[in-house]
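First listed ligand is number 1; within each ligand, the first listed atom is number 1. The structure displayed is predicted, hence computed values, not measured ones.
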Amino acid sequence: MPKRVLILNGPNLNMLGIREPKTYGSQTLADIEAMCEAEGKRLGLAVECKQSNREGELCEWIQEAYGKKDGIVINPAGYSHTSVAIRDALSAVAIPTIEVHLSNIHAREEFRHYSYVSAVAVGVICGLGAAGYRLALEALSERLGA
Ligand code: DQA
């Protein structure tokens, strides 16, 4: 059975393409999700992509992944810097998770330098744009022995 990976995108990432293209690039979320699905196929992973603007919904999806997904790639977006709840949900399910940010959060405003999620992630990729999702899938596939 292929390893199952959940790709979660947080608030405002549905606005990619329109939203601050100098910072986040010109690709839409649909473009990124299509790339993730293609990369998943190449790596033999079953990839499912979801996006929400709501913290609780992201927590629910993480909880639902328990026993159903083998890995998670998450861009928690603005919630990275505020959400103990998303971090706790990831800790609770203990599914290997890679955190992705399109921009280099360390080269931006100070409030973006800390992510609550990083300490419970197996790794963090930031500043590489949409390629970060592809690299996260590659790393997860290696880790999961897919
Ligand atoms: C982001 C960085 C966050 O600071 C920001 O709030 C986002 C996107 C990124 O992908 O670079 O919404 O996670």
Handout entry: Contact (N/O only, under 3.5 Å) between V100 and ligand 1
Key = no
Problem - Heavy-atom donor-acceptor pair, Y79 side chain to E55 backbone, under 3.5 Å - result: yes
Problem - Test applied, side-chain hydrogen bond (donor to acceptor under 3.5 Å, both in side chains); reference residue, S115; option that passes from H81, E99, R87 - result: E99
Practice task
Report yes or no: does Y24 have a heavy atom closer than 4.0 Å to ligand 1?
Solution key: yes
Handout entry: Check: P76 and L58 side chains under 4.5 Å, non-hydrogen atoms
Key = no
Practice task
Compute the shortest N/O to N/O distance between R112 and ligand 1 and return yes if it is under 3.5 Å, no if not.
Solution key: yes
Exercise for the section: Check ligand 1 against H81 and write out every atom of the ligand that is under 4.0 Å from a heavy-atom position of the residue. Expected result: 3 (C), 4 (O)
Exercise for the section: Please tell me if the side chains of K69 and V93 come closer than 4.5 Å, counting only heavy atoms from C-beta onward. Expected result: no
Problem - Taking atom 1 (C) of ligand 1 as the reference point, the nearest protein heavy atom with its distance - result: H101 ND1, 3.7 Å
Exercise for the section: Check whether any side-chain heavy atom of Y24 sits under 4.5 Å from a side-chain heavy atom of L13, and report yes or no. Expected result: no
Practice task
Using a strict 4.0 Å cut-off to heavy atoms of I105, name the atoms of ligand 1 that fall inside it.
Solution key: 2 (C)
Exercise for the section: Check whether any N or O atom of G78, backbone or side chain, sits under 3.5 Å from an N or O atom of ligand 1, and answer yes or no. Expected result: yes
Problem - Joint hydrophobic cluster, L135 plus V122, side-chain heavy atoms closer than 4.5 Å - result: yes
Fill in the blank from the handout: closest protein heavy atom to atom 12 (O) of ligand 1 is R19 NH2, 2.9 Å
Practice task
Take every heavy atom of N75, measure it against each atom of ligand 1, and state whether any distance is under 4.0 Å.
Solution key: yes
